[in-house]
Structures are given as C-alpha cells and as structure tokens.
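Encoded as structure tokens, the structure appears first; notes follow it.
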Amino acid sequence: MFTRRTLLQAAAGFAALAATTKGALADWKDTYKEITIAAVPDENATGTERRYEPFIQYLSKQLGVPVKLRIANDYAAVIEGQIAGNIHIAQYGPAAYARAYMNGAKIEPFGMQVNKDGSKGYYSVLWVKADSPYQKFEDLKGKNLGLVDPNSTSGNNVPRFAMNKMGVKPEDFFSNVVYAGSHENAIIALQQGQVDAAFNWWNDENESMLMRMERKKMAKYSDFRMIFKSDMIVNSPVAYLSDMPEDLKALIKDAFYNVEKNDPEAFKVLTDGEAQPWAPTSHADYEVIVELNTFVDTLRKQ
C-alpha cells in the first residue's frame, strides 16, 4: 500500500539518484572539457577535414562537449598522442592499433568499420598501370615499389608478410622501395610514374582508395590493373583511452554505433555512403594482427 511516508521516501530516493547522476556527468565534463579524435588521412588533409567536419559536429552534439579533429601526419603520431593521453579517440588501421597496444598505449577498441555489404574485412592489393607490361608480381623485379606507411596494414605489413611467403626480400627484389605517406599519395606516385607498382586498400569493386579518387575525379579505376590481392584483413578499429569515465565511454559508443540513425547526412559525407555504422569490437579481434606485427618486426631485424 502506498502511504504518504513511502511516497516521500521514494521521492527522496529519486532526487538522490538524479543528483548522483548529474554529479557524475558534471565530474567527467569538468575533466574532459574537450574531446580530441585523431585520424591519419587516406587522402589529402583538406579532403579528410571536409569528410570529418559534419561527423565532428555530430559528436560534439551527442557528447555535450566540443570535439576537435586532429589530422596526424602518420600513425606514429597517433600512437604517441594516445600514449600521452592527449588523443582521446583514434581511428586506426589494424596494424597501427596493434602497434599502439604493443607500445603500451592504454586503449580499448570499441568500434569496427563495417562494409556496405555487412562484411568486416578488406584486402591489401598491388596496383600497376593498366598499360604497363607487368602482368604478375615476378615481372616487377628491379622496379620501384610504393608502400604507404610503416604502420599501415594494407600498405606495409600485409605486403611484407605476403612477400616473405613468396621468398621475396623487398629491398633486394626491387630497385627502390618508398613510403608515400598516405594511400592516396601511393596511387598518385604510381599515376605519375614515380613507382611502377603500389600497394593499397581495397574492399571490393565498389569501394577502395582508387574508387574514392575516381569519385573525386583524381584518377580512373580502369587506368590501373590489380596483380595481387591478399587474404582478407579484419576491418579497422576506432579506440578510446581506457581510463576515461565509463559514462563518457558509453556516450561515445552510442554516438558511433547510431550515427546513421541520428545523423544520416554526416555519416554519408564521412563514408561516401559506402559503409555501415561501426560494430562493437574488442582487442580479441586484433590479436592476429599483433602476431602479424611481431612477425614483420622479425623480418626488419634480419
């Protein structure tokens, strides 16, 4: 039976709960007055900024504090920023996340990219110009090879792993091996003849770095030929600092998982409409990439 006393007790309980919840929210906002998210551009920095701008505005609204985008020069800068604690959220490639973990970054992957068809993997591919004489990998002996970044999965680690399986030492097999710095730059280097072949990421015939460049009228997909395709690689993660408040982490996850529902236009600009929202993930999904990094490290020491 409800009495005046029980109603007063219940009211007091609700008030205390509300005050506690409000206090917890205020606590993390007092500490985290601004959230920084970092990304390494696949394309040029201006293109990356335009792609992320609506999403950053969306995150600021969802979290209730300003969110700032940091466009890093390379994955090493993102890793250092998360180790230092001044990058709260980072979009990684699988190998770069594994490297951050291996280097002691206190981070948790919480979201995995999902392809438009629902798959959660992509490939490392090797491109040559369509009008070149190169039909297979062996034809490239003594030529120039373009890689992306030392911490790139599709642009360095998987290629080196695959070449090792072929019995190929890149620095001996090719006349020159260069890091282009970004996936877009690797395609441009191939396009301009600075390299004879370039590794890059590829989801399927509809989405890849090359297709993104074609949509921006920077390249024609038909001008290039694929002569190598790796086994499937687990899709890229987004990771936040482990020691952030659980309330804040919950808000971040909700914002990422539900972006297509909450702000479809921001998500379309970010992905060109060629992806589904992030799916939950954990470190266990990337243990195989930690093993890959460890293997590639042994190759570098040889």
Side-chain angles (χ1 to χ4, degrees), residues 17-18 21-22 24-26 28-29 32-43 47-71 78 82 87-94 97 107-122 201-209 211-212 215-216 232-242 244-286:
L17 177 62
T21 303
K22 183 177 179 181
L25 189 63
W28 77 253
K29 285 192 175 182
Y32 297 88
K33 299 181 185 301
E34 182 178 80
I35 299 295
T36 298
I37 181 171
V40 174
D42 282 344
E43 53 205 333
T48 300
E49 188 172 0
R50 287 174 181 165
R51 185 181 295 278
Y52 268 87
E53 184 177 1
F55 182 64
I56 295 301
Q57 293 175 2
Y58 160 76
L59 284 179
S60 298
K61 180 180 177 181
Q62 294 296 114
L63 301 184
V65 294
V67 176
K68 179 178 69 176
L69 174 65
R70 181 179 298 180
I71 300 174
V78 177
Q82 287 220 288
I87 292 175
H88 304 105
I89 309 169
Q91 178 64 63
Y92 282 109
Y97 161 73
I107 55 178
E108 298 173 25
F110 66 88
M112 179 189 291
Q113 291 179 339
V114 181
N115 302 335
K116 190 173 183 178
D117 65 0
S119 60
K120 298 177 183 177
Y122 69 112
W201 67 268
W202 186 90
N203 287 1
D204 53 34
E205 290 81 1
N206 298 313
E207 183 62 340
S208 61
M209 187 70 252
M211 282 303 300
R212 284 189 178 183
R215 289 194 291 267
K216 295 192 294 183
M232 182 177 278
I233 308 163
V234 62
N235 265 355
S236 298
V238 57
Y240 47 39
L241 297 177
S242 302
M244 292 198 302
E246 293 303 317
D247 288 350
L248 174 55
K249 289 194 279 189
L251 283 174
I252 292 169
K253 286 191 288 188
D254 182 72
F256 273 78
Y257 297 161
N258 295 301
V259 56
E260 188 176 36
K261 178 180 68 176
N262 295 336
D263 195 334
E265 184 59 28
F267 187 64
K268 183 178 179 180
V269 171
L270 182 68
T271 64
D272 287 345
E274 295 295 332
Q276 294 185 20
W278 289 267
T281 192
S282 70
H283 176 75
D285 290 323
Y286 297 95

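This one's a predicted model, so the numbers in the text were calculated from it and none came from an experiment. Excluded from the calculations below are hydrogen atoms, water molecules and symmetry mates; all remaining heavy atoms, backbone and side chain alike, are included.
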Report task. Of all the heavy-atom pairs spanning A239 and Y97, show the shortest one and how long it is. Result -> CB-CD1, 4.4 Å
Requested in this report: State whether the side chain of H88 and the backbone N or O of T36 hold a donor-acceptor pair below 3.5 Å, judged by distance alone.
Outcome: yes
**Report entry** E53 side chain near V269 side chain, heavy-atom distance below 4.5 Å
**Finding:** no
Report task. Evaluate side-chain contact (heavy atoms from CB on, under 4.5 Å) for Y58 paired with V259, printing each intermediate quantity in order. Result -> CA-CA 8 Å; Y58 160 76; V259 56; 3.6 Å; yes
Report summary line: When rounded to the nearest 0.5 Å, the distance separating CE of M211 from CD of E274 is 7.5 Å
Report task. I would like to know whether Y52 and L59 meet side-chain contact (heavy atoms from CB on, under 4.5 Å); could you show each step before the answer? Result -> CA-CA 10 Å; Y52 268 87; L59 284 179; over 6 Å; no
Report task. Could you pull out the closest heavy-atom pair between F55 and L270, with the gap in Å? Result -> CG-CD2, 4.0 Å
Report task. Evaluate the side-chain proximity of L69 to I71: yes if any heavy-atom separation is below 4.5 Å, no if none is. Result -> yes
**Report entry** Between CG on residue D254 and CG on residue L63, distance to nearest 0.5 Å
**Finding:** 9.5 Å
Query raised in the report: Are any side-chain N or O atoms of N235 and backbone N or O atoms of Q113, one a donor and one an acceptor, separated by less than 3.5 Å?
Result: yes
**Report entry** R215 atom CZ, over 12 foreign heavy atoms within 6.0 Å
**Finding:** yes
Query raised in the report: Do T48 and D42 have side chains that get closer than 4.5 Å, going by heavy atoms?
Result: no
Report summary line: When every non-hydrogen atom of G93 is compared with those of S236, the smallest separation belongs to CA-OG, 3.7 Å
Report task. May I ask you to check whether over 12 heavy atoms, not counting those of K61, lie within 6.0 Å of atom NZ? Result -> no
Report task. Show the numbers, then the answer: is there a side-chain contact (heavy atoms from CB on, under 4.5 Å) between I87 and I37? Result -> CA-CA 6 Å; I87 292 175; I37 181 171; over 6 Å; no
Query raised in the report: How many angstroms lie between atom NZ of K29 and atom CG of L248, to the nearest 0.5 angstrom?
Result: 10.0 Å
Query raised in the report: Is there a salt bridge (charged side-chain N to carboxylate O under 4.0 Å, His left out) between E108 and K249 once you walk through the steps?
Result: CA-CA 10 Å; E108 298 173 25; K249 289 194 279 189; 3.1 Å; yes
Query raised in the report: Between D204 and K116, is there a salt bridge with N-O shorter than 4.0 Å?
Result: no
Report summary line: V238 and Q91 have their tightest heavy-atom pair at CB-OE1, 3.8 Å
Query raised in the report: Have N262 and N258 got a donor and an acceptor in their side chains that come within less than 3.5 Å?
Result: no
Report task. Determine yes or no for a side-chain-to-main-chain donor-acceptor pair under 3.5 angstrom, with S60 supplying the side chain and P66 the backbone. Result -> no
Query raised in the report: Do the side-chain N and O atoms of N115 and Y122 include a donor-acceptor pair separated by under 3.5 angstrom?
Result: no
Query - Salt bridge present between K268 and E260 (N-O < 4.0 angstrom) - result: no
Query - Residue pair F256, Q62: steps toward the side-chain contact (heavy atoms from CB on, under 4.5 Å) verdict - result: CA-CA 10 Å; F256 273 78; Q62 294 296 114; over 6 Å; no
Report task. Determine whether the side chains of Q82 and Y92 contain a donor N or O and an acceptor N or O closer than 3.5 Å. Result -> yes
Query raised in the report: Hey, are the side chains of Y286 and M112 touching, using non-hydrogen atoms and a 4.5 Å cut-off?
Result: yes
**Report entry** Salt bridge R51-E43, side-chain N to carboxylate O under 4.0 Å
**Finding:** yes
Query raised in the report: In terms of ring plane angle, is the pair Y240 and F110 parallel, tilted or perpendicular, where the classes change at 30° and 60°?
Result: parallel
Requested in this report: Measure across P277 and F267 and return the closest heavy-atom pair with its distance rounded to 0.1 Å.
Outcome: N-CZ, 3.5 Å
Query raised in the report: With a 4.5 Å heavy-atom cut-off, do K68 and I35 have their side chains touching?
Result: no
Report summary line: Rounding to 0.5 Å, atoms OG1 (T271) and CD (E207) come to a distance of 8.0 Å
Requested in this report: Would you give the length of the straight line joining atom CG of L251 to atom CE of M244, rounded to the nearest 0.5 angstrom?
Outcome: 10.5 Å
Requested in this report: Compare all side-chain heavy atoms of V67 with those of E34 and state whether any distance is below 4.5 angstrom.
Outcome: no
Query - Atom of G111, atom of W278 and distance for their closest heavy-atom approach - result: C-CD1, 3.9 Å
